[in-house]
Amino acid sequence: LNNFTAKTSVAADYINNRERQFYNMEHGDGVSVKGRGYRHTREDITLTFINTLNYNKSFGQHSVNVLVGQEAFRNKQDYIYTQATGFAFPGTKELISASTPNTSTSSFTEKRFASYFSRLEYNFDSKYYVSGSLRRDGSSVFGTNNKYGTFYSFGGAWRIGREKFLSDVNWINELKLRASYGTSGNDNIDRYAAQGLYSLGRNYEGQSGIVYTQLANPNLRWEQSAATDVSLEFSLFKGRFGGEVSYYKRGSKGILFGRQLTRLTGFDDLTTNLASMDNYGVEVLLNGTPVKNSNFTWDVSLNITSNKNKINQMTQNEVIDGTKRWKVGGDRYQWYLREYAGVDPADGRPMWYKDDASGRITTKDWSTATRYDGLGSSLPKFTGGLNNNFRYKDFDMSILTYFSLGGKIYDGLYQMIMHSGSQVGTQLSTDMDRSWRKPGDITDVPRFVINNTDLGNNESSRFLYDGSYMRV
C-alpha cells in the first residue's frame with residue numbers, strides 16, 4: 001500500500017545475577033559463627049511486542065501523518081536467597097558443608113502490560129501544526145475494577161515569523177507559539193499492591209505458618225498525570241539572540257500512596273489513590289552571542305525556572321509523611337517539625353515550642369512539643385544556570401554556573417554529630433565547643449552530658465537551613 005508502513009518488533013531483556021559471599025572463620029565477621037556463607041540469585045526476563053501501522057502523506061501545502069499501534073510486555077522476576085553458618089574447617093565455602101542453615105527465602109513475581117495507541121499529526125505550509133494522540137493502557141498491578149486507563153494529548157504550534165505581516169521585519173528570524181495538553185498514567189507500585197495477600201514462612205513450633213499481611217483494594221486505579229505547556233520561542237538578529245519563555249502546569253490525580261492505617265486493623269498501610277496536586281511555574285531560556293568574529297566567539301546561555309506546589313484534593317483530612325504533612329491547599333514539600341526554642345540559660349537544657357490552653361509556651365520535653373507548618377518548604381523558589389563559552393581559534397573555555405534560591409534543607413549529618421553526649425564514643429562537631437557550661441551562658445547549643453537524655457539532637461527545626469546556593 002502506498003504511503004503505509006507496517007512494523008513489528010520483538011525485544012527480549014534477560015538479566016541473570018548470581019552473587020556469593022563468604023566470611024571466613026579465621027578473622028573478621030565470620031569468626032563468632034565459624035564462618036558465614038551467602039548465595040543470592042535473581043533472574044529477570046522481559047518480553048516486549050510492538051506492532052505499528054503508519055500512514056504518511058503530503059499533498060500541496062498539506063502534510064499528514066497517522067500512526068496506530070499495539071504494545072504488550074510481560075516481566076518475570078525469580079529470586080532466591082540463602083545463608084548458612086558453622087563451616088567444618090577453613091577452605092570450605094559451599095553451603096552444604098555448613099552445619100546451621102540460617103535464612104532461606106525465594107519469590108516469583110510477574111507483571112503484564114497491554115496498550116493500544118494512536119497519533120495524528122498535521123501541518124499546513126510548515127506554518128500551522130496540530131497533533132493529537134489517544135491510548136488505552138492496561139496493567140496487571142491495579143484492582144479488578146480499574147485495570148485499564150485512557151490517556152490523551154493534543155497540541156498546536158504557529159510559526160508567526162513566517163506570516164506575511166512580519167516579512168519586512170528583518171531582525172526576527174524565528175517566532176513560534178506553541179501550546180499542548182496531555183495526560184499519561186503511572187503504575188509504578190508493588191506488583192500485587194491491589195490484592196489481599198497472605199505471607200508464608202511464618203512458622204511456629206516447627207509447623208508451617210501463614211499470616212494475612214495485606215488488605216485488598218479492588219478500586220485501586222491508575223495515577224493520572226496531566227501536563228499543560230504554553231511557550232513562545234524566538235530567534236533574533238540573525239541568531240545572535242534567542243530563547244524561549246514557557247508556562248507549565250504538571251498535575252497528578254489519584255496519586256498512588258501507602259496510606260497509614262490504625263493498628264486496630266492489624267495492618268500497617270494500604271496502597272490507595274490518595275490525592276491530587278499541581279506543580280506549576282515559568283521557565284525562561286535565553287541564548288546570546290555578544291561577541292563573534294573570525295578569531296573569537298563568546299556565547300552566553302541563561303536559564304531560570306520557578307516552581308510552586310499545591311495539593312488540591314485528598315481522600316482524608318491529612319496525612320503525616322515523615323517530616324511533611326499533606327493537607328488540602330498546602331504545599332507537599334512544606335516542613336512539618338517541632339520548632340526549636342533554644343537553650344535554657346539556667347540549666348543548659350534544650351527547649352521546643354508547645355501549644356496549650358494559655359497559648360504558645362516552651363517545653364523541655366521533646367515528645368510533648370507541637371509540630372508546626374510554616375517552617376519553610378524544601379522546594380526552591382527558583383533554580384537555574386548561567387553558562388559562558390569562550391572560543392579563540394582552536395582553544396575554548398567554558399564556565400558553568402548553577403544556582404538555587406530559596407527552599408529549606410534538613411542537615412541530618414550535622415544532627416548526628418551534635419548529639420551532646422548521648423552517643424558516647426562517636427564523632428562530635430566542633431560546634432560543641434559552644435555548648436552551655438554554666439548558669440547564665442547564652443548559646444544555641446545545649447549542655448554536653450555523658451549518656452545525655454535531653455534529646456537535643458532529635459528531629460526539629462534546629463537543623464533546618466536555607467538551601468540557597470551557587471556552584472561554579
Side-chain angles (χ1 to χ4, degrees), residues 186-190 193 213-215 217 220 223 225 250-279 307-341 350-355 363 365-381 383 404 406-420 422-423 426 429 453-469:
N186 173 30
D187 68 343
N188 187 24
I189 54 174
D190 187 87
T213 55
Q214 181 175 289
L215 291 171
N217 185 1
L220 189 65
E223 176 183 319
S225 298
R250 308 277 190 271
S252 296
K253 295 181 180 179
I255 294 172
L256 296 166
F257 187 85
R259 179 167 61 90
Q260 296 296 309
L261 301 177
T262 172
R263 290 300 179 91
L264 295 176
T265 64
F267 300 90
D268 293 329
D269 55 35
L270 177 68
T271 302
T272 62
N273 298 99
L274 178 69
S276 66
M277 70 174 64
D278 288 327
N279 290 283
N307 187 46
K308 294 184 178 181
N309 175 271
K310 182 180 179 182
I311 299 174
N312 300 317
Q313 187 178 19
M314 291 182 61
T315 57
Q316 61 188 78
N317 291 333
E318 64 175 31
V319 169
I320 307 300
D321 182 22
T323 57
K324 309 293 193 304
R325 178 167 68 166
W326 295 39
K327 62 180 182 179
V328 174
D331 177 354
R332 159 71 179 88
Y333 303 96
Q334 187 72 217
W335 291 101
Y336 184 58
L337 298 166
R338 292 167 174 84
E339 186 173 356
Y340 187 57
M351 299 184 296
W352 301 269
Y353 288 107
K354 173 184 176 180
D355 293 339
T363 178
D365 184 353
W366 178 86
S367 64
T368 64
T370 303
R371 296 178 72 175
Y372 294 100
D373 293 312
L375 299 173
S377 173
S378 59
L379 197 65
K381 294 181 179 179
T383 58
S404 177
K408 295 291 187 69
I409 61 171
Y410 193 87
D411 195 339
L413 179 60
Y414 185 59
Q415 176 189 6
M416 290 175 57
I417 60 177
M418 290 293 287
H419 57 76
S420 298
S422 61
Q423 301 171 37
T426 61
S429 169
T453 59
D454 294 341
L455 306 181
N457 72 321
N458 270 23
E459 202 170 74
S460 74
S461 62
R462 178 185 176 189
F463 304 102
L464 204 59
Y465 296 95
D466 184 0
S468 300
Y469 72 89

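Note that the coordinates shown come from a computational prediction; the quantities given were computed from them, not determined experimentally.
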Closest contact, heavy atoms only, [X] versus [Y]:
X: Y410; Y: L464; value: CD1-CD1, 4.0 Å
X: G456; Y: P350; value: CA-CG, 3.6 Å
X: S468; Y: G406; value: OG-N, 2.8 Å
X: D454; Y: W352; value: O-CH2, 3.6 Å
X: T383; Y: S404; value: CG2-OG, 3.9 Å
X: G467; Y: I409; value: CA-CG2, 4.0 Å

Considering only residues two or more places apart or on different chains, which pairs with a residue in residues 458-469 satisfy salt bridge (charged side-chain N to carboxylate O under 4.0 Å, His left out)? none
Salt bridge (charged side-chain N to carboxylate O under 4.0 Å, His left out) pairs touching residues 314-323, sequence neighbours excluded, are E318-R325, D321-R332
NZ of K324: more than 12 outside heavy atoms within 6.0 angstrom? yes
Are there more than 12 heavy atoms of other residues, nucleotides or ligands under 6.0 Å from atom CD of Q260? yes
For the pair S461 (side chain) and Y340 (backbone), establish whether a donor and an acceptor sit closer than 3.5 Å, ignoring hydrogens and angles. yes
With no hydrogens and no angle check, is any side-chain donor or acceptor of N309 less than 3.5 Å from a backbone partner on M277? no
[atom1]/[X] to [atom2]/[Y] distance, rounded to the nearest 0.5 angstrom?
X: L455; Y: S420; atom1: CG; atom2: OG; answer: 10.5 Å
X: S225; Y: K253; atom1: OG; atom2: NZ; answer: 11.0 Å
X: T368; Y: K354; atom1: OG1; atom2: NZ; answer: 4.0 Å
X: D268; Y: Q214; atom1: CG; atom2: CD; answer: 11.0 Å

Partners meeting salt bridge (Lys or Arg N to Asp or Glu O under 4.0 Å) with K408 (sequence neighbours left out): none
I'd like to check the salt bridge (Lys or Arg N to Asp or Glu O under 4.0 Å) partners of E339; sequence neighbours left out, ordered by chain and number. R360
Before you tell me yes or no, could you show the steps for I189 and E223 under side-chain contact (heavy atoms from CB on, under 4.5 Å), namely the whole-Å CA-CA distance, both residues' side-chain angles and the distance that decides it to 0.1 Å? CA-CA 10 Å; I189 54 174; E223 176 183 319; over 6 Å; no
Sequence-distant partners of [X], side chain to side chain donor-acceptor pair (under 3.5 Å), two or more places apart:
X: T265; result: none
X: Q316; result: R259
X: T323; result: none

Residues in side chain to side chain contact (heavy atoms under 4.5 Å, CB included) contact with [X], at least two apart in sequence or another chain:
X: S377; value: D331, Y333, Q334, L379
X: D278; value: K249, Y280, N312
X: A341; value: M351, Y353, T362
X: D411; value: L413, Y414, Y465

Ring pair (Phe, Tyr, Trp, His ring centres under 6.0 Å): which pairs involve residues 252-279, sequence neighbours left out? Y212-F267, F257-W326
Should [X] and [Y] count as side-chain neighbours, where that means a heavy-atom distance under 4.5 Å?
X: Y336; Y: Y372; answer: no
X: N458; Y: R338; answer: no
X: S460; Y: L337; answer: no
X: N457; Y: Q423; answer: yes

Going by side chain to side chain contact (heavy atoms under 4.5 Å, CB included), L256 matches just one of L220, L274, T272. Which one? L220
